[in-house]
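A, B, ... follow the sequence lines: proteins, then strands. Residue 1 opens every chain.
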Amino acid sequence: MSTAPRIQRLPQTLANQIAAGEVVERPASALKELIENALDAGATRIEIRIEQGGKKLLQVGDDGCGMGPADARLALERHATSKIATVDDLFRIGTLGFRGEALPSIASVSHLELTTRLREEAVGTAIEVKGGQVGEPRPMAMPPGTRVTVRTLFFNTPARLKFMGSDRTETGHCTETVLRLALGHPGVAFRLHVNGRETVNIRAGEDERAVRERLGGVFGGDFADNCLEFSGGREEVRVFGWLGLPTLNRGNQGGIHLFVNGRWVRDRVINHAVREAYGDTLARDRHPVWALFVDLEPQGVDVNVHPTKQEVRFQQRNLVYGIVRQAVAGTLATMGARTYQAPDRLPDQAAMALEPEAEPEAAVIATLPPAASRPVHWDAPSPRPPREDRHRGDSWPPSGTSHGPRRVAETPREDPVGQIPFPDLSAPVPPPPAPDPPPAPDLGQPLAQIHGTYILAQTATGLVLVDQHAAHERIVFETLKQAHAEARLERQLVLIPDVVELTSPEADRLRQALPQLAELGVVVEPFGGNAFTIRELPALIADCNPQQLIRDLLHDLDRYGHSNAVTQRLDAVLATMACHGSVRANRKLSLEEMDALLRRMEQTLFSGQCGHGRPTYVTLSLAEMERLFGRR
Amino acid sequence: MELYVEREPFLKALGRIQTVVERRNTRPVLANARLEANGEFLAIAATDTEVSITTRCPAEVEHSGGLTVSARKLYEIVRELPDKPLLLRQDGDERLTISCDQARFHLVGLALDQFPDIPEMEGGFRFSMSTGDLADMFAKTHFAISTDEGRYTLNGVLLQADPPKPDSPETVARLRMVATDTHRLSIVENPIPEEAGRVENPIEAILPKKAVQEIRKLLEEGEANVELTLGERQVRFALPEMTLIANLVEGRFPNYKRVIPEGNKLLLNIPKDPLLAVVKRMSVLSNEKSRGIRMQILPDRLKVTTTNPEQEAAQEEMLTTFDGPGMSLGFNARYLLEILTVIGGETIRFHLLDEDSSVLLTDPEKNNFLFVLMPMRI
C-alpha cells in the first residue's frame, strides 16, 4: 500500500502570500511597487493617497496607458506582465518592474481594487480582489489611466501586521518613497495626500525651480544651496547628480541616493567610489550627502538580483567605479573653499510648492532627518520672513556668486597623490573635461584675531570667522600632498621580508593588483603557492605593518574591487606632518599673517574644511546681521 | 615600619625604579613602589608585571614592616627635600608619614600584600660580564628594535648564548645580541668568561624593549660587573645594589643569519667621524619623514647628495678610494647616523655588492659586531 504523497503543491494564494513576504515588507514597499507600475505605464501625473500610514488605505492613480478588461484580469495573476516576454528581455530591462509579482502579491494580503481604462476605450474596468480571490471584472466609467486602491494591507497576515510601525513612522516611509521616486522622474508630477490632506505637490519639469523642489524634498531645504551639480562619464555610462558640500555631512548613509537607469538602488561599490572621491574632506566616520544618477545601456546592468530590486550588478563595475570616482573628484575639486552655509532664510516653502493653506514646514521637510552635522548656525531668532522673500533670486546651479566677487583662482589639478584605481580598469577612463576654475570665495580683509584662535574678517557681503589652526592645517596638508606627488617616490627595500599566506582567491586578486601596487611603491613578489613577500615599501610608510597593509588591501579589493589602502596610509602620515606643522590655537597672528592665511585659503583646494571634515570658516551675511537686530 | 634614611641614597634608589612604573594603570597598586624594612636596608621594588626592579638603600631601622605608596609622589617629595635625614613611619597597613627637618608628608598607599609577587629566577644559565661590555652591546643593538607592535618577536633584542663550535679553536662560549626592524640588522657579541661553565645547548631569549631601556639606564651607574641569568621565561640582571627581572618575549626570532650577506666583496673604507658629520649636514635637507640621502661612490671620491619635496638640495664630497665599478646607493640617513654614532673606531667599512642589495657595515679594527642595512630606492 502506498502512502498518500506528503509533498503538495501550494495553492496559488499561499504562493502569492509567500512572495508578498519578500516584495511587500511594509506599506511603503507596496507603494513603491504601485508607483513604479504607474511610471512604467507612462504616467505624467501620479496621485497618491494614504491613510493611517498606508495600513488602512494606499491608493495610486495615474494617467498612464491603462489596460483593457482581459489584461486587467491577467495582471492580477502571478508572473503575468507586459514588461518582458523572453529570457533575453530579462537582460535588457528598460522598465522599473518586470517580475510580474507585485500586484498579485499585494492583492494576496489586502483588499485590492484595480480600476483601469485604455485611452482609446470609452469605459474602464474595475476588478476587486479580496485576500487573493479575484472577482469578476465589471465596467466602470472613469478617466483614462489606472488606479489601484489597497485597503487593510496585511489583514490576513497578522504576524506581519505586528511588525508595522506607528502611523507616523509608516507615513514617513511612504513620503520618503514618493519623494525619492519623484527625484528620479523629473518628467512626472507627484501629489501625495495623507489622511485627506495634501502634503506633497511636485510639478513636472526640469527647470531650476522644479529641480530645487525635488532636491529639497529628499534632502531638506538647505541642500540646494550647499551642493555642486555635476555631470560626466561618457557615451556608454553617463553620470550626473548633485553632491553635498563635505561640510554638509551625516553620521549615517541616509543622505545617499543612487539611481541606476532611474531606479533607486543601494550599491556599495558606487558608494565607495563616491566616498573615496570625497576622501579626506570628511572624517572617516562621516558620510557625504548626494544624489547620483547613472544611466547606461540596460544590457550593462543586471537588476534581477533581489525581489525588491534595490540591488543591481554592473557588468563592468570597474568602469562604472572609475567613471563615478573621477566625475565626483573632478567636481569636488571645483569647490575651492566653499563650506556649508546655513540657509539665509527659513526653509523655502515655495520650493515645496505647497498650497498656501497647507501646514508648511510640518509636512515634507519634517519627514526626512536634517543633516546630522551642522556647523555653526547663526540663524536669526526672527519670525518667518514675509512671503515675498521666497522667490528672491537664487542662481541655479548654486555658484559662488552669493559669496561675493569672483577672484581668479588656481586651476584645479588632478587628484594629488596618484590614486590609481585597481585592478586594471577594463577600459581606460578618459579624464573628465577640465572643470571651470572654481569660483574662489572672498574671505575679505582681516580685522582682528579673537581669543588667539579665530580670525575675524570683513567681506563685501558680511563677515567671516576663520579657525586659524584648521585652515592652516588644510593648507599645509595640500601643499605637502602636492609636493610629495611631484617628488620622486622613495622606497625602502626590506631586509627580512614578511611572508603572507593567502587563500587562493585572495592570491588571485593580489596577483592582478601587483603592477598597480608597484607603481605606488609597494613591491610584492610571489613566494610560491599562495604566499607572497613584501620587498619594498614607500619610505614614508616603511614602518607600517606590511601584513596588515596587504590584508586591508585585499579586503577592499574583495568588497569594492578597488583599494586605497596605500594612499590612505601615505595621507595619514602627511596629515600628521601637516598637523604638527601648522599654527595652533592661541598663537597670536599679525594682520599681515592673517591676510596671508586668508589669501592662501582662497587658493587652496578643499580649504573649506579641515582634514576631519569640520568647516574652517563660517560666514555671517549682512542680511543675517540685520535680522539679528530686528531691522528686517 | 619605622626607619631613618639619608636623602641622597634614597633618592638615587627611587630614581632607579621610576620609569618601570606605568603612569596610567588599571591596577592602582602598579603605580606604587614597595617599601620594606629589611635588616640594615630599606628594600624598594617596582614592577609593571613584565619588568621588575628591586633595589635598596642603607637605613637605620627602628621597627620592621612595609607598605606600598605612589612611586611618583614619593620620588618628587624626596627630590624637593633638603639634604637632611628622613624619618619614614608607617601608620597601619596603608599610611606613611615622611618627616624631614620641618616638613611632614602623609601618604596613603596600599597594603603590602596587594603588591604582585616579583618572580624569583629558578635555574637558568648564570654568568658575569663587564658592565661596560654589556652596555656597549645594548648600545649597538637597541636602535634597531622594531616599533611595529604587530611583530612582537622583533620588539626586543635577541640574547643568544652559543657554545663554541666543535671545529673551532675557541673554547669559550659567546653571548650575542641581535636586533632588527626588517630594514636593518645589528649583531654584536662578546665572550662569556670561562668560569661560567659550559653552555651545552644554544640559549635564546628575546628581551623586550622596555627591559632593554631599563637595564641600559641601570648599567650607566658604572658598576664593575653584572651577573646575568638566562632562564626559560625570564632574564635577570643583578648588580650589587639592584636587580632587574624581565619576562621574555615568547616566540621565535627570525633566522637572521641568512640575511647577513656573504658575497659583498667590494670594500669601501670611509673615515667615520667625517662621514658622520657629512651625513648629519646632508640630512637637514632630506625628506623630513623618509630621510633619504644618496651616496654616489666613485673611484676617487664619495659624493653625498639629497633633495626634498620642497625642491631643496644639498651635496658634499669626500676623498675615498674604491676599486669597484661606480655605484649609487640611497639610504635612510637616520639609519646611517644611528650606526655611525655607535661605531667606536676611526673607520667604517662598507661591504658592497650592487645598488639593490643589502650592505654590510663593519669596523675594520674590530670583528665583534656588524650591521646589515638595506638601501633605499631614491
Working to the nearest 0.5 Å, report the span between OG of Ser290(B) and NE2 of His484(A). 6.0 Å

State, yes or no, whether a side-chain contact exists between Pro546(A) and Arg151(B) at a heavy-atom distance under 4.5 Å. yes

Between Leu489(A) and chain B, with a heavy-atom cut-off of 4.5 Å, which part of the residue counts as in contact: side chain, backbone, both or neither? backbone

Is the number of heavy atoms from other residues, nucleotides or ligands under 6.0 Å of Glu365(B) CD greater than 12? no

Within the distance-only criterion (no hydrogens, no angle test), does the side chain of Gln492(A) pair as donor or acceptor with the backbone N or O of Met374(B) below 3.5 angstrom?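 Such a contact is found between Gln492(A) side chain and Met374(B) backbone.
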
Are the side chains of Leu493(A) and Met376(B) in contact, using a 4.5 Å heavy-atom criterion? no

Under 4.5 Å from any heavy atom of chain B, what part of Glu536(A) do you find: side chain, backbone, both or neither?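 Just the side chain, heavy atoms under 4.5 Å.
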
If you check every heavy atom in residues 521-531 of chain A against those of chain B, which residues fall under 4.5 Å? none

Taken to the nearest 0.5 Å, the spacing of Gln547(A) CD from Asp148(B) CG works out to 9.5 Å

Per-residue tally against chain A (heavy atom, under 4.5 Å) across Leu185(B), Asn287(B), Asn332(B), Asn255(B) peaks at Asn287(B)

Contact part of Glu288(B) toward chain A, heavy-atom cut-off under 4.5 Å: side chain, backbone, both or neither?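 Side chain only.
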
Candidates Thr576(A), Val573(A), Asp543(A) - the one meeting side-chain contact (heavy atoms from CB on, under 4.5 Å) with Lys289(B): Val573(A)

Quick one, Thr182(B) with Leu495(A), criterion side chain to side chain contact (heavy atoms under 4.5 Å, CB included). Give me CA distance, side-chain angles, the key distance, then yes/no. CA-CA 5 Å; Thr182(B) 75; Leu495(A) 178 64; 5.8 Å; no

Inspect the contact between Glu490(A) and Arg377(B) and indicate whether a charged nitrogen and a carboxylate oxygen are less than 4.0 angstrom apart.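 So Arg377(B) does not pair with Glu490(A) through a salt bridge.
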
Between Asp181(B) and chain A, which part of the residue has a heavy atom less than 4.5 Å away: side chain, backbone, both or neither? neither

Picking from Gly292(B), Pro375(B), Pro254(B), which has the most non-hydrogen pairs under 4.5 angstrom with chain A?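 Greatest number of close heavy-atom pairs with chain A: Pro375(B).
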
Between Leu154(B), Asn308(B), Asp356(B), Val259(B), which has the largest tally of heavy atom pairs under 4.5 Å with chain A?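 So the answer, after comparing Leu154(B), Asn308(B), Asp356(B), Val259(B), is Val259(B).
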
More than 12 heavy atoms of other residues, nucleotides or ligands under 6.0 Å from CZ of Arg233(B): is that the case?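 Not more than 12 within 6.0 Å, no.
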
Val372(B), Thr147(B), Leu373(B): which one forms the most heavy-atom pairs within less than 4.5 Å of chain A?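 If we count pairs closer than 4.5 Å to chain A, Val372(B) comes out on top.
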
